[in-house]
Each structure stands twice: as structure tokens, then as C-alpha cells.
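Read through the structure below, which is laid out as C-alpha cells, and then see the notes.
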There are 2 protein chains.
Amino acid sequence: MVEELDPRKKRILRAIIQEHIISASPIGSRTLAKKYNLDVSPATIRNEMADLEDLGYLEQPHTSAGRIPSDKGYRYYVDELIRDNSRKAPGMLNNIEDLYQDLQDVQDIISGMAKMLSNMTHYTAMVSEPKSQVSRLSKVEIMQLADNSLLLVLVTDAGMVNNKIINLDQKLSARKLSYINRFLSEKLESRLLAELNHAYLNELEKELLTRLDLSFELFKQFYNEFEGAFEPGGVKVYLGGTSYILEQPEFNDLARLKKMLKLLDQEEMLNKIINSISGSDLAIKIGQENEVEDIRNCSLVVATYYISNRAVGKIGVIGPTRMEYPRVISSVNVISDILSKLISKASG
Amino acid sequence: MVEELDPRKKRILRAIIQEHIISASPIGSRTLAKKYNLDVSPATIRNEMADLEDLGYLEQPHTSAGRIPSDKGYRYYVDELIRDNSRKAPGMLNNIEDLYQDLQDVQDIISGMAKMLSNMTHYTAMVSEPKSQVSRLSKVEIMQLADNSLLLVLVTDAGMVNNKIINLDQKLSARKLSYINRFLSEKLESRLLAELNHAYLNELEKELLTRLDLSFELFKQFYNEFEGAFEPGGVKVYLGGTSYILEQPEFNDLARLKKMLKLLDQEEMLNKIINSISGSDLAIKIGQENEVEDIRNCSLVVATYYISNRAVGKIGVIGPTRMEYPRVISSVNVISDILSKLISKASG
DNA sequence: GTTAGCACTCTCGTTAATTGAGTGCTAAAA
DNA sequence: TTTTAGCACTCAATTAACGAGAGTGCTAAC
């Protein structure tokens with residue numbers, strides 16, 4: 001499928017893609033010959049372009065327009081043609097780290113990094129919360145707020161904090177409460193969230209009921225929250241720079257823009273999008289390669305971030321297929337590194 | 001400024017506004033005569049329209065277009081012409097309450113109500129978090145997560161929960177921790193947040209330092225969070241139904257749309273918008289009446305919501321001046337009632 | 001005070017003409 | 001054999017012209 005192209009074809013393909021990234025419109029042989037030093041005439045370029053089209057790297061929106069890169073073209077560009085100056089924006093890393101080092105709430109860090117990434121790339125950025133399935137519960141505690149209301153606090157080793165207010169119809173004595181707390185600590189803390197399934201919680205409930213005559217009420221609410229808060233599909237996705245979409249000429253079409261914005265409004269969709277990306281370190285999905293139908297005219301550049309070397313979440317950028325890949329790739333790399341560091345620090 | 005209009009003028013003005021709300025385009029005398037039973041000829045209507053224009057209730061986009069309502073026209077409509085069938089959508093209230101009664105996390109309730117309101121009105125809804133200045137702190141607690149990391153939990157009587165992870169360079173003994181907790185409870189709980197200013201916290205710090213040889217570190221972080229979390233201007237604003245803007249023909253203009261979406265991206269702006277609304281129960285700001293420049297072509301319908309009769313937050317709708325006021329007003333009323341109830345319940 | 005009639009204005013949508021960028025092909029040059 | 005120049009052709013996009021339609025303001029009659 002991926003043939004080796006001769007050097008001239010490579011040069012021409014690269015030039016077309018770079019030009020198209022700038023202009024967002026079809027590129028003709030003439031423009032190309034003028035702007036890039038290819039040392040051949042437009043006619044030759046035309047021939048090469050025809051070849052590249054036959055091979056599937058280019059497309060023609062209509063006869064007598066120039067060519068635009070196809071998904072396959074972008075793919076080739078990303079895999080083969082980008083010079084590796086994209087590894088890292090140098091000193092930057094330290095500066096940003098400094099800037100954000102007093103952000104210690106995990107949620108803040110995440111949404112801050114989403115904003116940062118979108119600012120750097122001028123595309124919309126998305127970051128998913130640390131995945132719960134590989135996290136452990138590091139703290140469970142129920143606090144008394146008032147006679148009939150409690151606060152349940154759950155903390156994972158990824159530093160994610162979840163809380164819920166629970167109202168009871170009866171007062172819970174301090175003795176009972178501290179008993180429950182000890183019990184839950186013992187049974188739940190330092191376990192993988194994935195282990196804490198329905199069955200296990202049910203078991204706990206029975207056990208607790210035999211020891212204390214406790215109404216179902218508390219427990220029911222307790223694990224409603226539990227399952228809700230940490231269920232696999234339900235992680236939050238933070239967005240940054242939604243309005244950058246508006247600057248992309250491909251979204252000058254109102255219908256398309258509408259579709260896109262509606263999409264970004266739906267959290268489940270975002271989840272699907274960002275989680276449909278396989279586990280590799282940096283993944284790039286171009287156009288039709290995307291699983292989610294509605295973004296088949298977009299590209300994703302997504303990296304995984306880590307807490308103490310455990311993969312926990314995704315951070316990435318979504319934009320038109322005509323994307324400034326080198327810059328975006330380097331930014332996503334940088335920011336995912338920073339995110340990993342910050343979040344590892346924050347979660348102790 | 002607000003003259004009394006004769007009955008026929010009133011009827012015509014109302015008809016024009018209602019028609020314009022539906023069609024979003026200028027209304028001519030002919031259409032009006034046909035669609036509404038006004039029992040006069042187009043010519044008469046033309047004369048009346050000319051009068052209404054002179055009085056400032058109508059505008060003409062250009063000669064030989066129909067008329068559209070001016071801000072003043074809408075204002076008159078809202079104040080005088082809406083029949084009071086807008087008080088309440090009947091059985092609805094109970095249903096929604098039932099639907100949401102198991103939502104007990106305040107943040108969830110708020111964002112749920114934002115979504116609900118936007119679904120009902122098909123405009124963008126905004127809800128501000130309970131204002132902190134009139135809330136009391138009902139619970140302060142520091143929990144140990146690991147040797148050198150703590151979790152600070154703050155709960156207000158409005159049910160708002162805030163937490164922050166604090167990392168220390170030294171280990172804090174259990175004795176010291178429980179001492180601090182008692183101390184903070186005593187000094188802080190059930191106080192108005194407004195009282196907990198820099199000066200007061202400073203005093204506490206000194207007092208605590210004389211009793212325990214505690215590094216500054218903890219306290220510094222502690223009240224960073226404190227001031228950050230509950231500062232007056234910094235309440236969160238939840239949005240619902242952002243994408244409904246796209247359905248309004250007045251935002252078919254890309255430039256305008258862009259401006260609007262950018263605006264909604266900026267939380268400070270949202271704060272400014274929703275907090276610029278005076279304290280009355282239901283406020284309506286039409287076009288130029290808005291303080292924030294960028295929404296001078298929009299209308300706001302905003303209600304206050306309450307926790308146990310104390311005003312704490314705002315909930316409202318933003319849309320084009322051509323807004324279905326009766327329906328929106330009733331929806332905002334209903335939802336703000338529900339929100340008050342739910343949130344009062346949730347916060348015990 | 002109301003209405004009919006009429007000339008006038010302005011927008012909007014359609015069609016037609018023009019422009020210009022770009023192609024593919026052929027034949028000559030290298 | 002490869003490259004290039006030349007030329008006829010295509011098609012989208014812009015502009016101009018035009019007619020239709022909606023609406024107005026004014027005047028004169030009812």
C-alpha cells in the first residue's frame with residue numbers, strides 16, 4: 001500500500017501539502033513551480049501530480065482545480081516526510097512547568113493544560129481525565145456535615161477527588177460513623193477501582209448490615225455515587241479553545257460548523273473520540289481513519305499521559321486534516337510530558 | 001419616555017413583535033393585515049407603523065423593507081403587552097423535580113438545570129454557582145492521604161464542596177493534624193465566607209504558629225486555596241445548549257457567530273454578564289440595556305435562585321433580542337424555582 | 001379618520017458573461 | 001527517454017444585468 005516514491009515525487013508531495021496547509025485551497029502546478037525551488041517546469045509537475053493522484057496521494061476537487069492532499073497523502077507526509085525537527089520546542093518546557101507548578105488540583109491542571117495546548121496549536125484541544133480502571137482508591141471517608149447529611153469523599157491515587165453529599169432520613173451516631181469509616185477504609189483503600197464492582201460492593205453491604213443495623217439508604221446512595229463517579233466510559237473530557245474551530249476556513253460552511261460544535265457539546269462523543277485511539281504513545285488519525293463518523297474530515301493528534309509510568313489518560317488536538325502536523329505533534333508531545341510530570345507531582 | 005399607546009397601536013405593535021419573533025425578518029403592513037385580524041386596511045397599518053416608528057418602537061432596516069421592533073419596542077412588549085399566561089407551565093414542575101431528585105451533588109444539579117433550561121427554551125442557558133459571599137462555611141477538614149500529602153475539604157452551607165490536595169515537605173503527625181482540625185473547625189465553621197478575609201486568616205496563622213511549630217508551608221497553601229476557591233468574582237458559570245445559538249438566523253453571519261462563541265468561551269465575561277444583573281427576582285435586559293458591550297444585540301432573561309430564602313445565584317437565558325419572551329420567562333421562572341428547591345434540599 | 005391607488009425604492013434571486021487558474025495532451029527539444 | 005513549451009479546453013468564482021416581489025409614502029377620494 002505504501003510504495004516508495006522517487007525523490008522528486010516526494011519533494012512535490014511535501015510541497016503541495018505544506019502549501020495546502022497554509023492556503024487551505026487546491027494547489028496548481030504553476031504556483032508550486034514558482035514558490036518552491038523544484039527546478040522543473042510546471043508541465044513536469046503536472047505529470048508528477050497526475051501520477052501522485054493515480055497513486056492516491058492527491059485528489060482533485062474537480063477537473064481544472066489544483067490538487068489537494070488525500071488522507072493517504074497526509075499519512076505519508078506524517079510518516080515519512082516530516083523532518084524530525086518536531087521533537088521538542090526547547091526551553092519552553094521548563095517555563096511552562098514553572099508557570100503551573102503551584103496548580104495542584106488535578107482537575108485544574110488538566111483544564112489548564114487543555115487551554116495551554118489549544119493556545120499553542122490554535123486548534124481545539126481535548127484532555128481526558130485519568131482513567132479510573134487502572135487507578136487505585138487511596139482514600140475513602142465519610143464526614144458528618146449536619147445531623148442528617150454526610151459528605152462522602154473518594155480519592156484515587158491519581159489524585160482525582162470525588163465527593164457527594166448524602167442525605168439520610170435518620171441521624172447516624174458518631175460511633176457508627178467512625179465504625180463505617182474504619183470498615184470502608186479497610187475494605188476499599190488501595191484496591192483497584194476495577195475490582196470494586198457491583199458484586200463486591202453488594203458483599204460489603206451485606207457484611208456491614210450484619211454488624212450494624214443500618215438502613216439500606218446510605219449504602220444505596222453510596223454506591224450509586226461510586227459506580228457513577230468511576231465508571232469506565234464516563235470520564236470527563238476537558239476542552240480548550242473551542243472557538244479556534246471558527247478560524248479554520250473549512251468550517252466557514254455553516255452546516256459543517258454546526259455539526260462540529262454540536263459534537264463538541266456531547267461529552268459521550270468526546271469520550272468515544274478520544275478513547276477510540278489505541279494505546280500507543282503518540283497516535284495520529286487522519287480523516288477517514290477515524291472511527292467516529294462525524295469527524296472523518298478531521299485529524300486527531302493524541303498522546304498518552306502517565307502517572308508514574310502508568311498510562312492513565314489522553315491529551316490531544318482536533319483540527320482539519322489540513323493540519324500543521326509538525327508543530328502540532330511537537331506541541332502535543334511537550335504538553336503531554338508536562339502534564340505527566342505535573343499530575344504525578346500533584347498526586348504525590 | 002413610555003407613553004400610553006392607544007389600543008390599536010398596541011395591537012399592531014404586539015402583532016409585529018410576535019410575527020417577527022417567528023419569522024426573524026422585517027414585517028410589512030400587508031402580511032400583518034392578512035395574518036392578524038386587525039380589521040383595518042394595510043394602508044392604515046402603514047400609517048400606524050409610521051407613527052410607531054416615530055415614537056421609537058419600530059425600526060426600518062432600509063426604506064421599503066418592513067419594520068422590525070426596536071429595543072424599546074421589545075421593552076414595551078415585555079412590560080405591557082404580554083398576557084400573564086406566562087406564569088407557569090403547570091404539571092411540569094413536579095415531573096422535573098421527580099426526575100432530578102436523586103441528583104444531590106450541587107454542581108451536578110446546577111449543570112443539569114442549565115441543560116434543562118436550554119432544552120426547554122432552545123436558547124443558551126447560563127447558571128452561576130451559588131455566590132460565596134452570603135454563604136457560611138459549614139465544614140473544614142484536612143485528611144491525610146499519604147505521608148506527605150493532605151486533602152483539604154471545604155463545604156459551604158450552600159452545599160458547595162471544594163477540595164485541594166496539599167503537598168508538604170515534612171510529615172505531619174496524626175496528633176498535630178487532629179489538633180489543627182479542631183482548631184480550624186472552631187475558628188472557621190459557621191462563619192460567613194465574607195468574614196474570612198486575608199486579615200482574619202493571617203491572625204489564625206499566627207495563633208496556630210504559637211501553639212505548634214508548624215512550617216508556613218501548610219498555611220500558605222491552605223489559604224491560597226481558600227481565597228481562590230471562594231473569591232467573589234470567581235464563581236463558575238455553567239452553560240447549557242451553546243449550540244442553540246447556531247439555530248438563530250441572526251447568527252448566520254459568521255463574524256457575529258464567532259464573536260458570540262468567543263465570548264461564551266471566556267468565563268470572566270460570563271461572570272460579568274450574569275452578575276451585572278441587579279438583584280430583582282426576574283430581570284430582563286434587552287439589547288442596548290446590557291452593560292456588556294458585546295451582547296448589546298442580545299437579550300437576557302435572568303432569575304435569582306435561593307437557598308432557604310437567601311439569594312445566592314443567577315439562572316438565565318441568552319438569545320437574540322427577538323426572543324420568545326413569554327415562553328422564556330415562564331421557563332426561567334419554573335427552572336429557577338426547581339433549582340432553588342433542589343439545591344436547598346441538597347445542601348440540607 | 002380611513003382607504004384605495006399609484007409611483008417609487010430597495011432587496012433578493014436568477015441568469016449570463018467574463019475571468020482566470022489549472023489541466024491534459026501533443027509535439028518538439030534535450 | 002525525459003522534459004518542456006504550447007494550446008485548447010474545463011470549470012468555479014466573480015461580476016453585471018435584470019426582473020420579481022415586497023413594501024413604503026403620498027395623494028386624493030370616501
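In this text, all values refer to a predicted model and were calculated from it rather than measured experimentally. Reckoned from all heavy atoms, side chains included, excluding hydrogens, waters and symmetry mates. Residue numbers begin at 1 in each chain, while the letters A, B, ... track the order of the sequences.
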Applying salt bridge (Lys or Arg N to Asp or Glu O under 4.0 Å), can you list everything that pairs with [X], at least two apart in sequence or on another chain?
{"X": "A:K272", "result": "none"}
{"X": "B:K258", "result": "none"}
{"X": "B:E291", "result": "none"}
{"X": "A:E324", "result": "A:R327"}

Legend entry - A:T31: side-chain contact (heavy atoms from CB on, under 4.5 Å) partners, not counting sequence neighbours: none
Residues that [X] engages under side-chain hydrogen bond (donor to acceptor under 3.5 Å, both in side chains), provided they are two or more places apart:
{"X": "B:K35", "result": "B:E19"}
{"X": "A:N119", "result": "A:Y244"}
{"X": "A:T63", "result": "none"}

Inset, instruction - Identify, residue by residue, the members of residues 59-69 of chain A with a heavy atom below 4.0 Å from DNA chain D, and return them in order of residue number, or none. - result: A:H62, A:T63, A:S64
Inset, instruction - Could you tell me from which nucleotide to which nucleotide of DNA chain C, 5' to 3', there is an atom under 4.0 Å from chain B heavy atoms? - result: C:dT2 to C:dT11
Inset, instruction - Tell me which of A:M49 and B:E48 sits closer to the 5' end of DNA chain C, going by the nucleotide each one is nearest to. - result: B:E48
Legend entry - Residues from residues 20-45 of chain A lying under 4.0 Å of DNA chain C - heavy atoms: A:G28, A:S29, A:T31
Inset, instruction - Can you tell me which residue pairs pass the ring pair (Phe, Tyr, Trp, His ring centres under 6.0 Å) test with a partner in residues 18-51 of chain A, sequence neighbours excluded? - result: none
Inset, instruction - Show your working on salt bridge (Lys or Arg N to Asp or Glu O under 4.0 Å) between A:R67 and A:E53 and close with a plain yes or no. - result: CA-CA 8 Å; A:R67 304 300 209 291; A:E53 185 174 359; 2.7 Å; yes
